[in-house]
Amino acid sequence: KQERTVRYMSKWYEAISEEPSNIIYSRIRLARNWNEYVFPSRLDEAGSRELVDGLRDGLKDIGEKTGTPLFYRPLETMAQAEKKALRERRILNRCAVEKTCAQGLYLSEDESESILLGADDHIRLQFLSSGLCLEKLWQKADEIDDAINEHFPYAYDEKYGYLTTFPTNMGTGLKACAVVHLPMLSQLKKFQSIVADMGRLGTSIRGIFGEGSENAGNMYELSNQRTLGLSEKEIIELVNKAAVQLNAQEFKVRKAALNARRLEREDETYKSYGVLKYARKMAEKDARVFIGQLIAGETDGLIAFEKENSLYSLLVGIKPANLNLWASRPLDKDETDCVRAAYIREHLPQICSWS
């Protein structure tokens, strides 16, 4: 098991790691449905309104029970630009963004805890944190899940477990995920066999920005394949073990690369910093590549910064919808690339003078 000590700032993804690791963040997600209503896809507008209003009223004090204040937002009146930005920050999914009838969102100030109402399922609980801390997040999720279940009996079957909109979520309804940075390991010929091995173990791994060359920045999401036939504890242990293995393999490959061509690695890192620091126009894919090289360089001790800073938070901020919010106006493609470069210049930390 491996957990990192972190200091929290305004958002969960701005947490500062005090120990080097390639495990960027952890996520726990639970899908639940109130047994008095059919699945959201089968509800008409009036039914959706009734469902969401009932859930909202019953959950208004949920933050007091768990110790984390949660603030409610009605999604059907939220601007589309803000919903898209929340999707980029992994709070909403596509269904929640595109759906126009009643939906609701309880969200903590740091965005690490959320309860989505009336999207794919009646209730979707989500917990996010920097580093590898799936067990800690599951304890939080389990506590809130029990508190909600006191007010709203869940759709449950003795044979199939919790009943959900998608059959792939039935059983525990639990999706445990760890996002891992694999810039070196993913370039090896044996990487596809590693992915296959993960599949045989019951986990899946996919690029969070796409597959193959499209996954610029080399961030990969590792999660459980099954929710049925395994206990919550077994799912957490499965994903946790796989994440630790990938982290160790990535470090092994990087250590060999440092021993063989340290100067080349340093050169890549500092060139990436220079482009990010001075570019006036930056495509998202290019930015992800350069930021990814900086993240690896900092993790390997090749570069240090004057101020503690989460480089991963840059990957969140440079997404199109979040840039629109930062600029306070809609942006066309050319404007987006210019504003992205400006955003990076403003948020990129200064290099230590001794680096």
Side-chain angles (χ1 to χ4, degrees), residues 3 5-16 25-37 40 47-78 82-83 85-87 89-93 95-96 99 101-131 133-156 162 164 169 172-177 232-233 235-236:
E3 291 197 12
T5 303
V6 295
R7 176 170 61 80
Y8 286 97
M9 299 169 70
S10 57
K11 301 296 181 188
W12 72 266
Y13 50 81
E14 295 174 335
I16 306 301
Y25 70 83
S26 302
R27 184 186 76 206
I28 289 292
R29 193 182 70 210
L30 281 175
R32 297 288 187 259
N33 287 281
W34 187 2
N35 70 0
E36 293 188 13
Y37 290 84
S48 296
R49 179 80 275 159
E50 184 180 286
L51 167 75
V52 171
D53 286 347
L55 290 171
R56 177 187 180 179
D57 289 343
L59 298 177
K60 61 184 178 181
D61 298 323
I62 193 69
E64 295 178 9
K65 293 185 178 181
T66 61
T68 301
L70 297 173
F71 304 95
Y72 185 79
R73 301 285 303 279
L75 293 186
E76 68 272 17
T77 59
M78 183 183 290
E82 187 174 357
K83 287 200 283 188
L86 284 171
R87 187 186 179 199
R89 301 204 298 276
R90 313 309 289 270
I91 304 302
L92 301 181
N93 59 13
C95 175
K99 202 171 180 180
C101 59
Q103 294 181 97
L105 175 68
Y106 276 105
L107 184 63
S108 64
E109 189 173 6
D110 68 355
E111 300 185 356
S112 66
E113 301 183 17
S114 62
I115 307 175
L116 178 61
L117 308 178
D120 292 306
D121 290 285
H122 297 158
I123 301 168
R124 190 196 74 172
L125 304 173
Q126 180 171 271
F127 300 83
L128 295 152
S129 181
S130 176
C133 51
L134 290 170
E135 292 178 13
K136 181 179 178 181
L137 292 181
W138 164 243
Q139 290 173 3
K140 284 186 179 181
D142 192 30
E143 179 184 0
I144 292 186
D145 187 39
D146 288 344
I148 294 174
N149 199 199
E150 290 176 5
H151 294 279
F152 302 101
Y154 292 144
Y156 186 84
Y162 294 102
T164 56
N169 288 332
T172 60
L174 170 64
K175 183 69 75 172
C177 163
E232 292 89 348
K233 182 180 179 181
I235 290 172
I236 299 299

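Counting non-hydrogen atoms of other residues, nucleotides and ligands closer than 6.0 Å to CD of Glu36 gives a total above 12.
Contact annotation: the side chain of Glu113 never approaches that of Gln126 to less than 4.5 Å [non-hydrogen atoms, C-beta and beyond]. With contacts defined as side-chain heavy-atom distances shorter than 4.5 Å, the pair Glu14/Ser130 does not qualify. Using a 4.5 Å heavy-atom threshold, the side chains of Leu105 and Tyr72 count as separate. Looking at Arg29 and Leu174, their side chains never come closer than 4.5 Å, going by heavy atoms from C-beta outward. Residues Leu116 and Leu75 have side chains in contact (heavy-atom distance under 4.5 Å, counting atoms from C-beta outward). Side chains of Pro40 and Asn33 form a contact here, defined as non-hydrogen atoms less than 4.5 Å apart. With a 4.5 Å cut-off on side-chain heavy atoms, Phe127 and Leu30 do not count as touching. Looking at heavy atoms from C-beta onward, Phe152 lies out of side-chain contact with Asn35 at the 4.5 angstrom threshold.
In this structure, the side chain to side chain contact (heavy atoms under 4.5 Å, CB included) partners of Tyr156, at least two apart in sequence or on a different chain, are Glu158, Tyr162. Under the rule for a ring-ring contact (aromatic ring centres under 6.0 Å, His included), Trp138 has no partner lying at least two apart in sequence or in another chain. Taking the side chain to side chain contact (heavy atoms under 4.5 Å, CB included) definition, one finds that Glu82 meets it with Arg73, Met78, sequence neighbours left out.
Scanning all heavy atoms of the two residues, the minimum distance from Ser112 to Asp110 falls at OG-OD1, 2.8 Å. Smallest separation of non-hydrogen atoms from Leu134 and Cys177: CD2-O, 3.4 Å. Nearest heavy-atom pair, Gly118 versus Val52, reported as atom, atom and distance to 0.1 Å: CA-CG2, 4.3 Å. What you find for Gln103 and Cys95 is that their closest heavy atoms are OE1-O, 4.2 Å. Of all heavy-atom pairs between Ile235 and Ala176, the closest is CG2-CB, 4.0 Å. Arg56 and Leu117 make their closest contact through N-CD1, 4.1 Å (heavy atoms, listed as atom of the first residue, atom of the second, distance).
Once rounded to the nearest 0.5 Å, the distance linking CD1 of Ile236 with NZ of Lys233 reads 11.5 Å. From Ser129, atom OG reaches atom NZ of Lys140 across 6.5 Å, with rounding to the nearest 0.5 Å. Distance check, rounded to the nearest 0.5 Å: OG of Ser48 to NE2 of His122 gives 8.5 Å. Interatomic distance, Ile91 CD1 to Ser114 OG, rounded to the nearest 0.5 Å: 5.0 Å. Taking NZ of Lys136 as the reference point, atom OG of Ser26 lies at 10.5 Å (rounded to 0.5 Å). For the atom pair Tyr106 OH and Ile115 CD1, the distance stands at 7.5 Å (nearest 0.5 Å).
Here Glu76 pairs with Arg49 in a salt bridge; the nearest charged N to carboxylate O distance falls below 4.0 Å. Between Arg32 and Asp121, no side-chain nitrogen of the basic residue sits less than 4.0 Å from a carboxylate oxygen of the acidic one, so the salt-bridge criterion is not met.
Although no hydrogens or angles enter the test, the distance criterion places a donor-acceptor pair under 3.5 Å between the side chain of Lys11 and the main chain of Glu109.
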### Query
After noting the C-alpha distance and the side-chain angles of Trp34 and Leu51, does the key distance pass the side chain to side chain contact (heavy atoms under 4.5 Å, CB included) rule?
CA-CA 9 Å; Trp34 187 2; Leu51 167 75; 3.6 Å; yes
### Message
Between Arg90 and Tyr13, does the side-chain hydrogen bond (donor to acceptor under 3.5 Å, both in side chains) criterion hold? Intermediate values first, please.
### Response
CA-CA 11 Å; Arg90 313 309 289 270; Tyr13 50 81; over 6 Å; no
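At a cut-off of 3.5 Å, with distance as the only test, a side-chain donor of Tyr37 or Glu50 sits close to an acceptor on the other residue.
Each of Leu107, Ile62, Asp61 was checked for a side-chain contact (heavy atoms from CB on, under 4.5 Å) with Leu70, and the lone residue meeting it is Ile62.
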